[in-house]
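Note sheet for the following structure.
Starting from 1, each residue takes its place in the sequence as its number. None of these values were measured; they are calculated from a predicted model.
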Amino acid sequence: MQRPDTFIPQAGFVLTKAGYFSDFDEKVAVSLYQPLVGPVPMALYLSLWQEVKDRALVTDRRPQLWLLDLLDIDIEQLFVARVKLEAVGLLRTYSQVDSLGRYYAYELYPPVSPDAFFKDDLLGLLLYDKVGENRYDELVAKFSLKPVRRPEWQEITASFLDVFRFDHDLSQEPPAVVAAKKAVTPKAGKSSTVGKRGWLRLGLIKIVVGQ
């Protein structure tokens, strides 16, 4: 995949996020995604999470040269790192030109859960291809939950309505509740899997970038 001529160190970038990033997410990213994308893209990904703010402003931008200096890489390496993160669903990139010039918006996504990762045909197969059977089995075991539940146990868990009662009429949802639901609803079209589009990107990266 060839770097566009417009993707230069002097172009600006802004950061935004489509979710939250926890310590466990970092563990999943390093253990499961780094073998797919490599250390430089993972360093870029973790660095961007350190810099992202809750509210992004397009005027609050830095030149991409800042990222090059931070990671000690060149613009070609930055482009390769970016598209690898995009291919596995950790990043989406948007481009725009305004009065200050061209800038890129990097939208960060947390990794999918380990369970979803191993169930994803593309991510799971690529990881197997990268690390081999023994390491793959170790990673599956590392992120497998081991419940202590026994068949003879009788569940006595209380339900929501066993414990809580509402003081208000619930025939209609309060406007604040409706607004809150809309605010936290994920963007349409974003799935937890790489999908066909991701498969095409993975193929391009493997052939052209030379994973």
Test log, rule side-chain contact (heavy atoms from CB on, under 4.5 Å), inputs Met1 and Val80: CA-CA 8 Å; Met1 188 171 182; Val80 172; over 6 Å; no
cation_pi(Arg82, Phe13) dist<6.0 Å, angle<=45: no
Treating [X] as the side-chain partner and [Y] as the backbone partner, does any N or O pair qualify as donor plus acceptor under 3.5 Å?
X: Gln64; Y: Ile8; answer: yes
X: Lys53; Y: Leu15; answer: no
X: Arg149; Y: Trp153; answer: no
X: Arg135; Y: Glu133; answer: no
X: Asp129; Y: Leu126; answer: no

Mutual orientation of the aromatic rings belonging to Trp49 and Tyr45 [parallel < 30°, tilted 30-60°, perpendicular > 60°]: perpendicular
Within a 6.0 Å radius of atom [atom1] on [X], are there more than 12 heavy atoms belonging to other residues, nucleotides or ligands?
X: Asp74; atom1: CG; value: yes
X: Asp72; atom1: CG; value: no
X: Glu152; atom1: CD; value: yes

Heavy-atom closest contact (Phe117 atom, Leu32 atom, distance): CZ-O, 3.6 Å
Cationic N near anionic O, under 4.0 Å, Arg62 to Asp69: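 Judged by the 4.0 Å cut-off on N to carboxylate O distance, Arg62 and Asp69 do not form a salt bridge.
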Presence of salt bridge, Glu138 and Lys142, under 4.0 angstrom: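 No salt bridge links Lys142 with Glu138.
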Interatomic distance, Leu90 atom CG to Leu36 atom CG [nearest 0.5 angstrom]: 9.0 Å
Distance in Å, Leu139 CG paired with Asn134 CG, rounded so as to fall on 0.5 Å steps: 11.0 Å
With heavy-atom distances below 4.5 Å as the criterion, would you say the side chains of [X] and [Y] are in contact?
X: Ser113; Y: Phe143; value: no
X: Val88; Y: Val37; value: yes
X: Asp98; Y: Arg61; value: yes
X: Val58; Y: Leu100; value: no
X: Tyr33; Y: Leu85; value: no
X: Leu91; Y: Leu108; value: yes
X: Trp66; Y: Glu51; value: yes

Worked check of side-chain contact (heavy atoms from CB on, under 4.5 Å) between Ile73 and Val40: CA-CA 9 Å; Ile73 58 176; Val40 173; 4.1 Å; yes
Tyr104 and Thr6: CA distance, side-chain angles, deciding distance, side-chain contact (heavy atoms from CB on, under 4.5 Å) verdict: CA-CA 10 Å; Tyr104 295 91; Thr6 54; 3.4 Å; yes
Validation row, ring centre Phe118 to ring centre Tyr136 under 6.0 Å: yes
